[in-house]
Amino acid sequence: MSTEQIAIIITGVVTVVVAGAIILYLANSKLKTAKDFLGKAETDSKRLLEDAKRDAEALQKEAALEAKDEAFKLKSEAEKEVRERRSEVQRLEKRTIQKEESLDKKLDQLEKKEENLQQKLQDLSVKENDAEELLSKRREELERIASLSQEDAKKVLMDEVRGEVQRDLTIMVKEMESKAKDEADKKAREIVTTSIQRCAADHVSETTVHVVSLPNDEMKGRIIGREGRNIRTLETLTGVDLIIDDTPEAVILSSFDPIRREVAKLTLEKLIVDGRIHPARIEEMVDKSKKDVENQIKEEGEQASFEIGIHGIHPELLKLLGRLKFRTSYGQNVLKHSIEVANLAGLMASELGLDVTLAKRAGLLHDIGKAVDHEVEGPHALIGADLAKKYHESALVVNAIAAHHGDVEMMSMEAVLVQAADAISAARPGARRETLENYIKRLQKLEEIANSYEGVEKSYAIQAGREIRIIVKPEVVDDAGAMLMARSIVKRIEEEMEYPGQIKINVIRETRSVDYAK
């Protein structure tokens with residue numbers, strides 16, 4: 001082996017040893033780094049675990065506090081509800097006690113009346129005994145003096161006694177009838193008062209304008225459009241007058257027809273939100289608004305029926321009922337008036353032990369004719385009765401609708417209650433806008449027109465101005481003249497007066513033959 005080979009071998013061995021040492025050093029260094037990293041990771045995990053525990057404890061404490069607060073609130077609300085229910089129970093107990101006391105008083109009164117009646121019957125029995133004794137004496141006297149037979153004397157005496165007894169009975173019956181009328185009047189006032197107290201309703205007078213708010217005054221120019229084409233289109237399609245003045249950020253819609261005003265209001269609001277205002281878009285929005293109003297009318301009718309608790313009403317009648325939301329009478333909303341009349345009639349029917357459902361149904365539908373009275377000739381009561389009959393309402397409901405202004409004779413007590421409830425609702429303070437002064441002036445004007453004709457003896461405006469009765473002198477006005485007078489008065493009233501609904505002109509001519517026996 002040469003020296004060079006030995007040197008190469010040694011060099012190789014040294015190189016391998018050095019490489020191994022380097023590799024070992026690097027391995028130890030990485031192992032130490034890994035141990036340090038693991039130690040640091042373990043320390044960090046412990047620290048994070050402790051932080052998480054502290055956060056969890058804090059959240060747990062916060063949740064516990066919130067739970068305590070919520071429990072305290074629930075407890076307070078429950079205590080408040082218990083107090084309110086206890087108060088309501090006490091009020092009901094008090095009212096029950098009052099009713100029991102009232103019933104006890106009425107029972108005492110009835111017992112006293114019964115005792116009085118028994119006493120009167122006993123008195124009557126005594127009088128009958130006295131009459132029998134008198135009859136016996138008269139019989140003997142007549143037989144002795146007049147030499148009458150027993151049968152003839154009996155007949156004379158019986159006639160006399162019968163007259164006395166009948167007179168006493170007549171007086172007693174009149175006294176009992178008078179007391180019964182007083183009790184009936186008292187009970188009627190009590191029922192009406194109780195019904196009014198149990199049915200307290202708010203009244204808001206309706207107006208003939210709507211105010212639509214605008215986002216800015218620039219929108220007024222867009223509503224008017226170039227050369228006014230937009231506002232003309234809107235007014236033409238809706239039949240509503242748009243008043244655009246100096247009022248900041250507002251447009252006024254004016255129309256006597258509430259349905260048209262509502263359509264115009266919805267259309268304008270949709271156009272403002274949409275931002276595209278031109279004739280084609282206006283026409284499209286008007287069609288949509290009309291459909292929305294029709295749906296609203298249907299919903300209002302269904303809601304009114306649901307509120308009163310009356311079911312099974314024909315869908316067409318419900319639509320007509322919904323239209324009453326957009327109809328007023330002297331500023332009083334007719335749908336709200338109908339709901340109130342239904343409630344009042346139902347309460348009075350309940351107090352009297354009558355058919356509550358029938359009274360409510362007739363009360364709710366009593367003014368249904370006002371939904372179409374501008375389309376059909378005739379008084380709204382008869383129009384409503386025809387509609388109810390057309391849509392298969394019962395005969396009693398139809399009669400109550402037709403009779404609530406006295407146009408036809410009433411067939412049931414429920415019809416009387418509907419008429420009374422209608423008068424109560426209309427007469428509530430603030431329910432209607434017409435003042436007493438205007439009302440009196442209208443009646444005076446009616447009588448003034450009637451009295452201006454030759455041959456008129458007397459005239460009376462009745463039925464709250466819905467009818468005027470004119471009594472003419474038969475020697476001055478004949479039958480043909482009475483007909484001409486009625487027609488002439490109709491024309492003058494139509495030309496000179498403003499009035500709601502219809503006015504019936506009733507000219508009465510009668511001939512009386514009077515003489516005196518001397």
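Worth knowing before you read on, the calculation uses all heavy atoms, side chains too, and leaves out hydrogens, waters and symmetry mates. A quick note: this is a predicted structure, and the numbers were derived from the prediction, not measured.
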message = Quick one, His380 with His404, criterion side-chain contact (heavy atoms from CB on, under 4.5 Å). Give me CA distance, side-chain angles, the key distance, then yes/no.
response = CA-CA 10 Å; His380 72 272; His404 80 274; 3.4 Å; yes
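- Applying the ring-ring contact (aromatic ring centres under 6.0 Å, His included) test to Tyr460 and every residue at least two apart in sequence or in another chain returns nothing.
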query = Ile508 and Val472: side-chain contact (heavy atoms from CB on, under 4.5 Å), yes or no, with the steps?
reply = CA-CA 6 Å; Ile508 301 172; Val472 298; over 6 Å; no
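- Evaluation of the side-chain contact (heavy atoms from CB on, under 4.5 Å) rule for Glu101 yields Ile97 as partners, not counting sequence neighbours.
- The shortest side-chain heavy-atom distance between Met219 and Val251 does not fall under the 4.5 Å cut-off.
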message = As a quick check of understanding, evaluate side-chain contact (heavy atoms from CB on, under 4.5 Å) for Leu242 and Ile252, giving each step before the final call.
response = CA-CA 6 Å; Leu242 270 72; Ile252 299 174; over 6 Å; no
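- Ile470 CD1 to Asn506 CG: the interatomic distance, rounded to the nearest 0.5 Å, is 8.0 Å.
- Pairs of residues two or more places apart, or lying in two chains, never qualify as salt bridge (Lys or Arg N to Asp or Glu O under 4.0 Å) while including a residue from residues 221-233.
- No donor-acceptor pair closer than 3.5 Å links the side chain of Ser87 to the backbone N or O of Arg83.
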task = Begin from the C-alpha positions of Ile223 and Leu268 and carry the test side-chain contact (heavy atoms from CB on, under 4.5 Å) through to its verdict.
result = CA-CA 9 Å; Ile223 292 173; Leu268 198 53; 3.9 Å; yes
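- Among residues two or more places apart in sequence or in another chain, the side chain to side chain donor-acceptor pair (under 3.5 Å) test is passed with Asn451 by Ser459.
- Under the side chain to side chain donor-acceptor pair (under 3.5 Å) criterion, Glu79 pairs with no residue, sequence neighbours left out.
- Applying the side chain to side chain donor-acceptor pair (under 3.5 Å) test to Thr236 and every residue at least two apart in sequence or in another chain returns nothing.
- Remark: Leu48 CG to Thr43 OG1 distance equals 11.0 Å, nearest 0.5 Å.
- Looking at residues two or more places apart in sequence or on another chain, you find no side chain to side chain donor-acceptor pair (under 3.5 Å) involving Thr357.
- With hydrogens and angles ignored, the 3.5 Å screen pairs a side-chain donor or acceptor of Arg509 with a backbone N or O of Pro474.
- Proximity of Leu352 to Leu417: side-chain heavy atoms (C-beta onward) are separated by under 4.5 Å at one or more points.
- A distance of 12.5 Å separates CD1 in Ile489 from CD in Glu494, rounded to the nearest 0.5 Å.
- A salt bridge does not link Lys80 to Glu77: none of the charged side-chain nitrogens sits closer than 4.0 Å to a carboxylate oxygen.
- Applying the side chain to side chain donor-acceptor pair (under 3.5 Å) test to every pair with at least one member in residues 292-317, sequence neighbours left out, gives these pairs: Lys270-Asp292.
- Looking at Ile471 and Val456, their side chains never come closer than 4.5 Å, going by heavy atoms from C-beta outward.
- Here Lys491 contributes atom NZ and Ile505 contributes atom CD1; the two are 13.5 Å apart, rounded to the nearest 0.5 Å.
- Remark: side-chain polar atoms of Thr238 are paired, donor with acceptor, to backbone N or O of Leu234 under 3.5 angstrom.
- Between Ile308 and Asn343, the shortest heavy-atom distance links the atoms CD1-OD1, 3.5 Å.
- Judged by distance alone, with hydrogens and angles left aside, the side-chain atoms of Glu467 form no donor-acceptor pair with the main-chain N or O of Ile503 at under 3.5 Å.
- Considering only residues two or more places apart in sequence or on other chains, Ala359 meets the side-chain contact (heavy atoms from CB on, under 4.5 Å) condition with Ala345, Ala349, Glu414.
- Remark: side-chain polar atoms of Asp367 are not paired, donor with acceptor, to backbone N or O of Ser338 under 3.5 angstrom.
- Counting heavy-atom neighbours within 6.0 Å of Met483 CE, excluding the residue itself, gives a total of 12 or less.
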Under 3.5 Å, sequence neighbours excluded: what are the donor-acceptor pairs made by side chains of residues 60-76?
unit_1	atom_1	unit_2	atom_2	d
Ser76	OG	Phe72	O	2.9

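- A search for salt bridge (charged side-chain N to carboxylate O under 4.0 Å, His left out) contacts involving Lys46 returns Glu42, not counting sequence neighbours.
- Side-chain atoms of Ser102 do not come within 3.5 Å of backbone N or O of Gln98 as any donor-acceptor pair.
- In this model, no donor atom of one side chain and acceptor atom of the other lie less than 3.5 Å apart for Asn230 and His278.
- The side chain to side chain contact (heavy atoms under 4.5 Å, CB included) test with Leu324 singles out one residue from Ile339, Leu364, Leu335, and that residue is Leu335.
- In this structure the side chain of Val286 reaches within 4.5 angstrom of the side chain of Lys290, judged on heavy atoms.
- Rounded to the nearest 0.5 angstrom, Lys99 NZ and Leu92 CG are separated by 9.5 Å.
- In this structure, Glu496 places its CD atom where more than 12 heavy-atom neighbours from other residues, nucleotides or ligands lie under 6.0 Å away.
- The closest side-chain donor-acceptor pair between His366 and His337 falls under 3.5 angstrom.
- Judged as a side chain to side chain donor-acceptor pair (under 3.5 Å), the pairs with a partner in residues 386-399 (not counting sequence neighbours) are, in order, Arg361-Glu393.
- Distance alone, capped at 3.5 Å, places no donor-acceptor pair between the Ser350 side chain and the Gly346 backbone.
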